[in-house]
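We count residues from 1, following the sequence as given.
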Amino acid sequence: MASMPPSISASDGVSPSAPDPRNATTSKFFVWREFVWGAIAGAFGEGMMHPIDTLKTRIQSQAVISGSQSEKSILQMLRTVSASDGLRGFYRGVTPGLTGSLATGATYFGVIESTKKWIEEKNPNLGGHWSHFIAGAVGDTLGSIVYVPCEVVKQRMQVQGTKQSWSSSILQKNVSQKAGPQMYCYYTGMFQAGHSIWKQHGVKGLYAGYWSTLARDVPFAGLMVTFYEALKDLAEFGKRRLLPRSDLQVTNSFEGLILGGIAGGLSAYLTTPLDVIKTRLQVQGSISRYNGWSDALRTIWRTEGLKGMFKGSIPRVIWYIPASALTFMAVEFLRDHFNDKMDDNVHEVTGLSLDTKSKIQEPV
């Protein structure tokens with residue numbers, strides 16, 4: 001998935017039999033660059049598509065917040081948010097969303113290449129698409145340590161909208177009012193929300209739905225990188241087969257934009273039921289409607305059927321196609337435009353050091 005640093009030949013002035021210090025330095029820089037590029041790309045994709053994510057979260061959480069089984073369509077929810085909260089309502093929770101995406105993007109792209117190579121070396125039978133799936137799952141699992149608390153805060157802020165609309169929804173005698181106390185106080189910002197959840201429910205509150213998040217994100221992350229690599233192989237095969245003599249050159253950024261979008265959309269749709277369960281568990285607050293992941297699965301299936309399991313699938317896919325496309329495009333762009341320059345700078349510095357050393361050792 002990642003472009004490898006340029007190899008160094010014997011003509012560069014370093015003996016091919018001896019370990020090349022420049023390779024070691026470049027490799028070390030390469031790993032850290034993947035973390036940085038992944039973090040930037042992840043935050044970029046989240047920031048661009050956050051309003052769509054807000055619509056998806058509100059659609060999926062209607063049964064918990066309002067107690068109603070009637071589902072608003074995307075256009076109805078769009079009008080509702082716009083009328084009650086305005087543009088600001090679509091960007092509620094964007095700060096914790098960006099924070100979580102920074103962590104997830106960094107670990108996802110930073111861990112994936114080294115994990116894939118380690119798997120292929122230790123277990124050759126797990127090479128190819130299996131190694132892609134496992135590497136993607138491992139990278140996302142590590143990022144979940146930071147991502148899940150940010151997701152809890154983000155989604156609770158998303159369903160609240162503005163303070164005025166949240167207060168009016170409580171006055172409309174929704175499910176939380178009927179059950180007794182208000183679900184939770186209105187959150188004015190990321191840190192106030194995190195502190196409030198910590199104070200009321202401790203670590204368990206911040207990691208609400210953690211296992212359901214992993215149950216969703218591990219297969220999603222694995223499927224996305226597997227689909228992406230498979231689509232890259234398919235595109236290369238198609239070019240060789242259909243355009244064998246063509247000089248058509250497709251940039252890695254454009255390839256990442258198209259193939260990343262397709263991979264993200266497919267993965268998002270297939271994992272929608274897992275996303276519904278995770279969202280319901282994370283927004284239900286102190287009034288527990290579901291007693292854990294398995295209970296949520298049984299209850300949603302019994303009361304809402306297959307339609308309930310795929311609630312929010314359209315905005316989820318609409319969100320992930322451009323978000324994944326922008327993320328993969330950004331990563332490929334950063335690799336293409338900065339990796340080679342940084343490698344050249346490292347080679348110049350190490351080469352200069354080697355030349356200086358050789359001059360000092362010359363006999364007088």
Side-chain angles (χ1 to χ4, degrees), residues 42-102 147-177 182-197 206 208-209 268 272 275-276 278-287 289 311-323 326:
F44 177 68
E46 163 66 25
M48 293 291 288
M49 300 307 300
H50 187 80
I52 302 297
D53 184 61
T54 297
L55 291 177
K56 181 223 45 139
T57 300
R58 288 203 174 192
I59 287 174
Q60 290 181 338
S61 60
Q62 288 178 100
V64 174
I65 299 299
S66 67
S68 173
Q69 296 300 318
S70 60
E71 178 185 352
K72 290 184 178 179
S73 67
I74 299 175
L75 291 178
Q76 288 173 329
M77 186 61 74
L78 178 65
R79 286 195 292 266
T80 299
V81 176
S82 180
S84 61
D85 305 329
L87 182 62
R88 188 177 178 183
F90 291 101
Y91 284 92
R92 284 283 294 170
V94 69
T95 303
L98 290 174
T99 304
S101 294
L102 281 168
Y147 171 73
V148 172
C150 291
E151 183 80 351
V152 171
V153 172
K154 181 196 78 171
Q155 292 193 331
R156 289 198 182 186
M157 293 178 71
Q158 283 176 318
V159 299
Q160 288 182 330
T162 63
K163 189 171 185 177
Q164 183 178 359
S165 63
W166 179 247
S167 299
S168 65
S169 69
I170 296 299
L171 294 175
Q172 290 170 2
K173 297 186 181 299
N174 64 11
V175 64
S176 62
Q177 183 71 15
Q182 183 177 322
M183 287 177 70
Y184 33 79
C185 66
Y186 183 78
Y187 302 132
T188 57
M190 174 181 170
F191 294 106
Q192 184 266 336
H195 179 265
S196 177
I197 297 170
L206 287 172
T272 296
D275 185 54
V276 171
K278 178 204 74 72
T279 300
R280 297 276 183 93
L281 289 173
Q282 288 184 329
V283 303
Q284 65 181 347
S286 57
I287 309 301
R289 183 184 180 92
K311 275 186 177 179
S313 60
I314 294 177
R316 177 169 163 80
V317 171
I318 290 174
W319 188 90
Y320 266 108
I321 287 177
L326 291 170

Legend entry - 4.5 Å side-chain heavy-atom contact, Met157 and Thr95: no

Inset, instruction - Give the minimum heavy-atom separation between Arg92 and Thr54, together with the two atoms involved. - result: O-OG1, 4.2 Å

Inset, instruction - Compare all side-chain heavy atoms of Glu46 with those of Trp319 and state whether any distance is below 4.5 angstrom. - result: yes

Legend entry - Flag side-chain contact, heavy atom, 4.5 Å: Leu55 against Phe90: yes

Inset, instruction - Indicate the atoms forming the closest heavy-atom contact of Ser101 with Gly42, along with that distance. - result: CB-O, 3.5 Å

Inset, instruction - Decide, yes or no, whether a salt bridge links Asp275 with Arg316 under the criterion of side-chain N to carboxylate O below 4.0 Å. - result: yes

Inset, instruction - Search all heavy atoms of Leu98 against all heavy atoms of Ala43 and return the closest pair with its distance. - result: CD2-O, 3.3 Å

Legend entry - Non-hydrogen side-chain atoms of Ile318 and Lys56 separated by less than 4.5 Å: no

Inset, instruction - Could you tell me whether a side-chain N or O of Ser84 sits under 3.5 Å from a main-chain N or O of Thr80, the two making a donor and an acceptor? - result: yes

Legend entry - Within-4.5 Å side-chain heavy-atom neighbours: Tyr187 and Val153: no

Inset, instruction - Measure the OG1-NZ distance between Thr57 and Lys154 for me, rounded to the nearest 0.5 Å. - result: 5.5 Å

Legend entry - Residues which pass ring-ring contact (aromatic ring centres under 6.0 Å, His included) with Tyr147, listed by chain and number, not counting sequence neighbours: none

Inset, instruction - Please examine the side chains of Ile197 and Leu206, heavy atoms only from C-beta on, and report whether any two atoms are closer than 4.5 Å. - result: yes

Legend entry - Distance, nearest 0.5 Å, that separates CG of Leu326 from CD1 of Ile321: 12.0 Å

Legend entry - Worked check of side chain to side chain contact (heavy atoms under 4.5 Å, CB included) between Gln155 and Gln60: CA-CA 11 Å; Gln155 292 193 331; Gln60 290 181 338; 5.6 Å; no

Inset, instruction - Might you point out which heavy atoms bring Pro322 and Met49 nearest each other, and give the distance in Å? - result: CG-CE, 3.2 Å

Legend entry - Other residues, nucleotides, ligands: >12 heavy atoms within 6.0 Å of Ile74 CD1: yes

Legend entry - Pro315 versus Ile52, closest heavy-atom pair with distance: O-CG2, 3.3 Å

Inset, instruction - Can you see which heavy atom on Arg58 is nearest to which on Gln158, and at what distance? - result: NE-O, 2.9 Å

